[in-house]
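What follows is a single structure, written as C-alpha cells, with notes after it.
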Amino acid sequence: MISGIRGTRDILPDEVGRWRRVERAAVEVCARYGYVEVRTPVIEREELFAKGTGASTDIVQKEMYAFTDKGGERITLRPEATPSLVRAFVEHGLEQALPFAKLYSLGPMFRYERPQKGRYRQFHQLDVEVFGIADPAIDGEVIEMASAFVDELGLEGAELVINSVGCHACRPAFGAALLAALGGRVSDLCADCRRRAETNPLRIFDCKAPADQPIIDALPHSEDYLCDACRDHFVGVRRHLDAYGLSYRVSHRLVRGLDYYTRTTFEILGAGLGAQNALLGGGRYDGLVKQLGGPERPGIGFAAGLERLVLALPEGAGGAEPVDAFVVALGDAAWASARVLARDLRRAGLRVLIDYGGRSSKSQMKRANRSGARHMLILGGDELAAGEVTVKEMDSSRQRRVARAAVASALAPGSAP
RNA sequence: GUGAGUGUAGCUCAGUGGUAGAGCGCCGGACUGUGGCUCCGGAUGUCGCGGGUUCAACCCCCGUCACUCACCCCA
C-alpha cells in the first residue's frame, strides 16, 4: 500500500460536512463585510517569501517546500498567503479596479514542520487582507469581523488578545530596551531564549519555560515604548473595539513571529485545541506592499487555520444532507423500471439511491435503512402492473401506493404517507 | 531539528516465549415482497517494516518507519 505524505490528511465523507460549514461561514462573513475573493497559485517564486515573510524567519529558513524547476527557477509551495495577495494586488493594480482593496482567499498552505494536534504540513487558511487604509477604524473592523466569524461557527470559549508592537521607527528602541533590561541575565534563560536574544528579542515573550517566567515578567512592555503616532493608533483601535462591545485582553506578550508586522497584532485563541490553540492571528503590516515592489500602502489582515476551526467546531456540526429516497426493486422484471424511476426523480432534483445487481429485498432494505434515506420506494410486480410505486416513510414505517407520476410530490416534506 | 508515548481484523482494543482473539461493523440465513430488534452462521490479519536472540518471537533485544502529544515554530 502507498500511504499519504506525512503531515497531510484525507478529509473523508464523515468530516467533509464540518469543512463545508467552516468554508461557507468564511465566504458569507467576508461577503457581508465587503471583501472580494481572490485565488492565487499554490506555487510562487521563492524570493516572494524571502522578501515578504522574512529571510530570517523559520518559515523561510527551514520550513518551505522549495525546489528548482525544469527551467531553473527557484519555486516554492506557498507557506502563507499574505505575500501572494500583496503580489496579486500590486501586479494587477487592484486598487484601481476595486472600490476598496479588501480581499480574501481560501486554500492550502505548506510548511515542513513536525505534525502535531492542529498543525499539519499541508493545512488550509482563510486569508483576509486590506490594502491602503491607515485609519484605526479598519483595524477595529477587521478584528470585529474575525470575531464575528468565530461566533458564526458557534465556537465557545474563544478569547481575543491584542497588542501593539510599534512601527519601524519605535520598535528598535523597544528591542534595545529589552536587551538592556535583560542585561547579564540572558545567560540565566533557557537555550531557546538565549538564541532569541540574538535573533529576535521580542520572541522571548513567547517562552513557556517556567524557570524563565520571573525574568520575563520583569521586562518592559512594548506599549510603553510606542511613538506618539503608534500610541494614538492603538488608542484608536481599542476605542473602536470598545464601541463594538467586544471583550478582549491586551497582552504585551503577544508578539507575532513574522517580520512584517507593525502596530496592531491580534489573535483569537480557541478552547480545547491543545498547544496549537490560535484559531486565527494577524495584524498590521504597513511596510510590506512597498517592500514587495508596490506603492507605499498600509496593510492589515489575518489568517485563520481551517483545520483548527474544524477541530473546534461543536459536536454534530455539519451533518450530511439526508437522502430523499432509496429505490428497492423486487424481482428481475422491476429492475429496469426502477432504474428509470430513480433517473426521473434525480432529474427532478431529488437525492436518490438505488442498488445494483439482483440483491435480495432484505439486503436492499437494510442498505436503504443504513443510507439514512427518508423514504423507501418499493417497485415489484404488483406496482409495475398497476403503474404505481409503494412509498414508505422510514421513520414512521407508514406506507401507501402512489401513481408513478405522483412519486416526486409524495416525497416532499409534509406530504402525508 | 529535540523529547515522550503508541503501532495486532474496516473501527475500538485485549493478548501469552509454544497453532492469533473480543466487541462493533460487514456479508449471508432464520424471514423466496417490507429496514431497524433478536438469534444463527461466515469472511477479513505480511501482529508497521528489517535484522538479532531462541528449538520456537505478536511477545525479548537492536534498528527503522509511521502515528499521537509536547518542545521549536505558527494558522
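These figures come from a predicted structure and were not determined experimentally.
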Taking atom [atom1] in both [N] and [M], what distance in whole Å separates the two?
| N | M | atom1 | result |
| --- | --- | --- | --- |
| B/C71 | B/G18 | C1' | 44 Å |
| B/C55 | B/G15 | P | 28 Å |
| B/U6 | B/C58 | C1' | 15 Å |
| B/G42 | B/C49 | P | 28 Å |
| B/C62 | B/A43 | P | 39 Å |
| B/G21 | B/G36 | P | 30 Å |
| B/A66 | B/U19 | C1' | 30 Å |
| B/C47 | B/A57 | C1' | 11 Å |

Identify whether any heavy atom of [X] sits under 4.0 Å from a base atom; if not, whether one sits that close to sugar-phosphate; answer base, sugar-phosphate or nothing.
| X | answer |
| --- | --- |
| A/G7 | sugar-phosphate |
| A/R9 | nothing |
| A/Y120 | base |
| A/Q276 | base |
| A/A303 | sugar-phosphate |
| A/G274 | sugar-phosphate |
| A/L309 | nothing |

Taking only Lys NZ, Arg NE, NH1 and NH2, and the carboxylate oxygens of Asp or Glu, determine whether [X] and [Y] approach each other closer than 4.0 Å.
| X | Y | answer |
| --- | --- | --- |
| A/E141 | A/K102 | yes |
| A/R404 | A/E388 | no |
| A/R39 | A/E37 | yes |

Original post:
For the base of B/C73, is there a side-chain donor-acceptor partner from A/R111 under 3.5 Å away?
Top reply: no
**OP:** Test for a donor-acceptor pair under 3.5 Å between the base of B/C65 and the side chain of A/R6, counting only N and O atoms.
**Re:** no
Atom-pair distance ([atom1] on [X]; [atom2] on [N]), nearest Å:
| X | N | atom1 | atom2 | answer |
| --- | --- | --- | --- | --- |
| A/E159 | B/A75 | CD | P | 17 Å |
| A/Y260 | B/A75 | OH | C1' | 11 Å |
| A/D192 | B/G1 | CG | P | 16 Å |
| A/R78 | B/A75 | CZ | P | 15 Å |
| A/E113 | B/C73 | CD | C1' | 5 Å |
| A/Q116 | B/C71 | CD | C1' | 8 Å |
| A/R308 | B/C69 | CZ | P | 12 Å |
| A/L273 | B/C69 | CG | P | 11 Å |

[Y] versus [X], side-chain donor and acceptor atoms under 3.5 Å:
| X | Y | answer |
| --- | --- | --- |
| A/N163 | A/S251 | no |
| A/T68 | A/R74 | yes |
| A/E159 | A/Y248 | no |

Original post:
When A/D324 is tested against each of A/H375, A/R374, A/R351 for side chain to side chain donor-acceptor pair (under 3.5 Å), which residue passes?
Top reply: A/R374
**OP:** Report yes or no: is the cationic atom of A/R263 (NZ for Lys, CZ for Arg) closer than 6.0 Å to the six-membered ring centre of A/F234, at no more than 45° off its axis?
**Re:** no
Original post:
With a distance cut-off below 6.0 Å to the six-membered ring centre and an angular limit of 45° from the axis, does A/R121 pair with A/Y112 as a cation-pi contact?
Top reply: yes
Original post:
Reckon A/R119 has a side-chain N or O less than 4.0 Å from the OP1 or OP2 of B/C69?
Top reply: no
Subject >> A/Q125 vs B/A75: side-chain N/O to OP1/OP2 distance below 4.0 Å >> reply: no
So what's [N] paired with, Watson-Crick or G-U wobble, going by both distances under 3.5 Å?
| N | result |
| --- | --- |
| B/G63 | B/C49 |
| B/C27 | B/G41 |
| B/A9 | none |
| B/C72 | none |
| B/U34 | none |

**OP:** Return the 5'-most residue of the pair A/E267, A/R114 with respect to RNA chain B, ranking by each residue's nearest nucleotide.
**Re:** A/R114
**OP:** On RNA chain B, check which nucleotide each of A/F123 and A/A209 is closest to and give me the residue with the more 5' one.
**Re:** A/A209
**OP:** Any chance you could list the contact pattern along nucleotides 23-40 of chain B? Use B for base contacts, S for sugar-phosphate-only contacts and - for none, protein heavy atoms under 4.0 Å, 5' to 3'.
**Re:** ---SSS--B-BBBB----
Subject >> Closest to side chain of A/R195, choosing from B/A70, B/C72, B/A75 >> reply: B/C72
Original post:
Per the side-chain contact (heavy atoms from CB on, under 4.5 Å) rule, which among A/D344, A/L377, A/V327 passes with A/V352?
Top reply: A/V327
